[in-house]
2 protein chains.
Amino acid sequence: MTVTLADVAARARVSPATVSRVLNGNYPVAASTRERVLRAVDDLDYVLNGPASSLAAATSDLVGILVNDIADPFFGIMAGAAQTEIGGPGDGSGRAGGEKLAVVCNTGGSPERELTYLTLLQRQRAAAVVLTGGAVEDPVHQAAVSAKLAKLADAGTRVVLCGRPPLPDGEAVVAALAFDNRGGGRRLTEHLLSLGHRRIGYVAGPLERTTTRHRLEGHRDAMRAAGLLGGGTGAAGLSGGGTGATGRPTDGYDEERLTVHGPYDRRSGYDATLELLRREPEVTAIVAANDTVALGACAAVRDRGLRIPEDISVAGFDDLPFSVDAVPALTTVRLPLFEAGARAGRLAMGKETPPPGGIATIAAELMVRGSTAPPRA
Amino acid sequence: MTVTLADVAARARVSPATVSRVLNGNYPVAASTRERVLRAVDDLDYVLNGPASSLAAATSDLVGILVNDIADPFFGIMAGAAQTEIGGPGDGSGRAGGEKLAVVCNTGGSPERELTYLTLLQRQRAAAVVLTGGAVEDPVHQAAVSAKLAKLADAGTRVVLCGRPPLPDGEAVVAALAFDNRGGGRRLTEHLLSLGHRRIGYVAGPLERTTTRHRLEGHRDAMRAAGLLGGGTGAAGLSGGGTGATGRPTDGYDEERLTVHGPYDRRSGYDATLELLRREPEVTAIVAANDTVALGACAAVRDRGLRIPEDISVAGFDDLPFSVDAVPALTTVRLPLFEAGARAGRLAMGKETPPPGGIATIAAELMVRGSTAPPRA
DNA sequence: CTGTTAGCGCATTCAA
DNA sequence: TTGAATGCGCTAACAG
């Protein structure tokens, strides 16, 4: 029925071992022999049995790329870039040579699914795993992930983090590429402050994610430096692992009042912005957790009959492709998603040497566009 | 070193076969025995060896979802929905029970990569494969894909098409869910015609894709019905397999003049729109191949100092989430991407019976919003 | 309901 | 440079 290595060997009049060596290419084989084997492969339309191969070799050519939301270009861009580096150029023959199979796994932001996927990849003896995007800060889950990654690394799987902060004990990881979310958030708010804004609303992401926290901390750092916040440290409002930040009415009054949390989607931006405008009609600027949320914020501002940026400035984060097409074009913070993804892919393939200490921080660049302007006098 | 089934069996004081049966759950096992085995699994932190399992069972739990562009929400939404149905709810334990491993593979729209991924999935003995989005119409490639899918089906892989037209000989396929691109395109243009538009520019997708052709055909059907096109059949300008449509100056004059092809991205929409405005300054409406392209078109229109919709109407296709947030909100054609993806996922899992004949056409709904209006008098 | 027995198809020793 | 032999870890008959 199904063609096996042995069939190819018989047809090429060589031993199975020789066929294996030709196919894997990592062993000297006479040119004429190779020729014969390759012809037999084509004649028989032979396709290697992946599981058998992986079983014998104790490793597979699967590379997993975990994303929080596959429908979000933020992840799509990184994953696509990583895949470019991992999948190889393809020889165009469709014969599938030594390439890896780069596959993206959608966790939907769920810690359970993240763990499940890691187990599944572990089960497959994946060659490498790339985790993209912010992590959930629940200590239990973080410990579980760390443990799982350690086991994966133990079994020879290369683990790379992309757009995610390093693990507490980064030993299990080949490399961590972290975005400078905090710096970006700070510069964005500094920009608004320099325009003259003082009452700035913040539509934050889900509470328990690192990305959310870092961007918000950057924002508050800037606010504090401008003397617009009570005392306390930068992380004050969110310290303690992010399980809740509703306390601290004393020095966190403005913070709490001017911050609303929600998922990283358009709807959340819309709703949160309406809420902010209700709570504090005097806000002159809204900073959103990311560009998608910012789009929702813009819609809400408009629906309230306010103009952007004349009445209210709006800013986002990420600089996704659509942001430049918003009307007015969105002021945001550019993250080099494609470059980071590609680098993560190379790191996963061992095609690039890891940064010193295994950790690299990737700069975030402020992009000033039409959606921000000085507040009305 | 690494824990195997035998180790678990020894610890639970049962035979390896029993452990296997417990893990796969598809066989009666005494509750007490199961209990003991499960405990041993946890104690030993055992993880099934996927390749070994797949080899012995001659099938794996991999399900591949092929997409043309992972950074495009059009695909992300479908893939995410499919994954939801395939991956199962996950039992939350991270232990990974009988779920399938749904993975998305990014072909980047390249026929070679599509074939390579199919081979890779064939090699892995994938349980199912879902192909999303339009196909490339090159006959050679189509034949190669058909042949490959037939082999996959032969080997027991369930093949599902989602948002892709049925294969010429659909035998290899469990089901094909095709979008009514043609009908959607027609209704969209009819809407513009009913508003009074007569000179309508069309920013089409890449020439050789089915999606491009069907949407364009719908547009031309409507134009022809309104007597705005020369003779010929609907597919006239693109007949012959899409290898080129530059001929036919006789009855295709306006068609060619008012159509520009390009990739499905924002940049293409921008450039093509400028080109259209240059060729034919009298156009009063621009129809774009999809929403992303439409966004680029809007930008171009604006950069030329024209207002939407007062000076020029713009319309898209797909109704991606951001389209409602465009300013003005984009008139477009809604495709139930999530529902279609979910259904494809269920079909791939055998959780839903295929439509009669294996083919279902999914309706496209016109969404009239602010970006279209009657032309200036 | 559970144990025993054979492979699944390939990569890799070790010889030649 | 090539061939022969062995086992990777598991599932699927078949008994019991």
Side-chain angles (χ1 to χ4, degrees), chain A residues 1-38 40-41 44-62 96 98 120 122-125 127 155-156, chain B residues 1-38 40-41 44-62 96-98 120 122-127 155-156:
Chain A
M1 244 304 286
T2 155
V3 183
T4 75
L5 232 201
D7 300 329
V8 176
R11 187 169 229 277
R13 320 181 114 270
V14 296
S15 74
T18 300
V19 177
S20 172
R21 294 196 261 251
V22 169
L23 261 28
N24 290 308
N26 44 15
Y27 214 83
V29 174
S32 65
T33 309
R34 155 183 284 103
E35 191 63 25
R36 216 146 22 98
V37 169
L38 254 21
V41 166
L44 265 32
D45 211 21
Y46 169 70
V47 175
L48 190 69
N49 184 316
S53 169
S54 298
L55 173 58
T59 172
S60 83
D61 52 6
L62 249 195
L120 252 14
Q122 177 183 14
R123 179 185 288 191
Q124 300 296 330
R125 308 307 193 244
Chain B
M1 241 307 284
T2 154
V3 183
T4 75
L5 233 199
D7 299 330
V8 176
R11 187 169 228 276
R13 319 181 114 270
V14 296
S15 74
T18 300
V19 178
S20 172
R21 296 196 262 252
V22 169
L23 261 27
N24 291 306
N26 44 13
Y27 217 83
V29 174
S32 65
T33 309
R34 153 181 286 102
E35 192 62 26
R36 214 145 25 95
V37 169
L38 255 19
V41 166
L44 265 33
D45 210 20
Y46 169 69
V47 175
L48 189 68
N49 183 315
S53 168
S54 298
L55 174 57
T59 172
S60 82
D61 52 5
L62 248 197
L120 253 14
Q122 179 183 13
R123 181 184 285 188
Q124 301 295 331
R125 305 307 191 246

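Sequence lines set the chain letters: A, B, ... in the order given, protein chains first and strands last, and positions in each chain run from 1. As the structure is a computational prediction, the values presented were derived from the model and not from experiment.
Residue-level contact check: A:Ala17 touches the bases, meaning some heavy atom is under 4.0 Å from a base atom.
When each of D:dG9, D:dG3, C:dC10 is scored by its nearest atom to the side-chain atoms of A:Ala56, the top-ranked nucleotide is C:dC10. The A:Val14 side chain lies nearest to D:dG3 when the options are D:dG9, D:dT11, D:dG3. Which of D:dG9, C:dT2, C:dC10 sits closest to the side chain of B:Ala52 comes down to D:dG9.
The base of D:dG9 lies outside donor-acceptor range of the side chain of A:Arg125, with no N or O pair under 3.5 Å.
Residue A:Asp7 contributes atom CG, which lies 12 Å from atom P of C:dC8 at whole-angstrom precision. B:Asn24 has its CG atom 13 Å from the P atom of D:dA13, to the nearest Å. We find that CG of A:Leu48 is positioned 16 Å from P of C:dC8, with the value rounded to whole Å. Separating the CZ atom of B:Arg123 from the P atom of C:dC8 is a distance of 21 Å, rounded to the nearest angstrom. Taking atom OH of residue A:Tyr46 and atom C1' of nucleotide C:dC10, one finds them 7 Å apart after rounding to whole Å. Atom CD in B:Glu35 sits about 17 Å away from atom C1' in C:dC1, given to the nearest Å.
Within the 3.5 Å criterion, the main-chain N or O of A:Gly50 finds a donor-acceptor partner in the side chain of A:Ser54. Judged by distance alone, the side chain of B:Arg13 and the main-chain N or O of B:Ala10 form no donor-acceptor pair under 3.5 Å. Counting only distance, with no hydrogens or angles, the side chain of B:Arg125 and the backbone of B:Ala58 share no donor-acceptor pair below 3.5 Å.
Distances shorter than 4.0 Å separate none of the side-chain N or O atoms of B:Thr18 from OP1 or OP2 on C:dC1. For D:dT1, neither phosphate oxygen OP1 nor OP2 lies less than 4.0 angstrom from any side-chain nitrogen or oxygen of A:Thr33. When the side-chain nitrogen and oxygen atoms of B:Ser20 are compared with OP1 and OP2 of D:dT11, one or more of them lie within a distance under 4.0 Å.
Toward the 5' end of DNA chain C, the nearer of the two residues B:Leu55 and B:Arg34, judged by each one's closest nucleotide, is B:Arg34. Nearest-nucleotide positions on DNA chain C place B:Ser15 closer to the 5' end than the other of A:Leu5 and B:Ser15. Between B:Arg21 and B:Asn49, the one whose closest nucleotide on DNA chain D sits nearer the 5' end is B:Asn49.
When each of B:Thr18, B:Val19, B:Leu38 is tested with B:Thr33 by the rule side-chain contact (heavy atoms from CB on, under 4.5 Å), just one qualifies, namely B:Thr18.
In plain terms, the two heavy atoms of B:Asp61 and A:Arg123 that are nearest each other are OD2-NH1, 3.8 Å.
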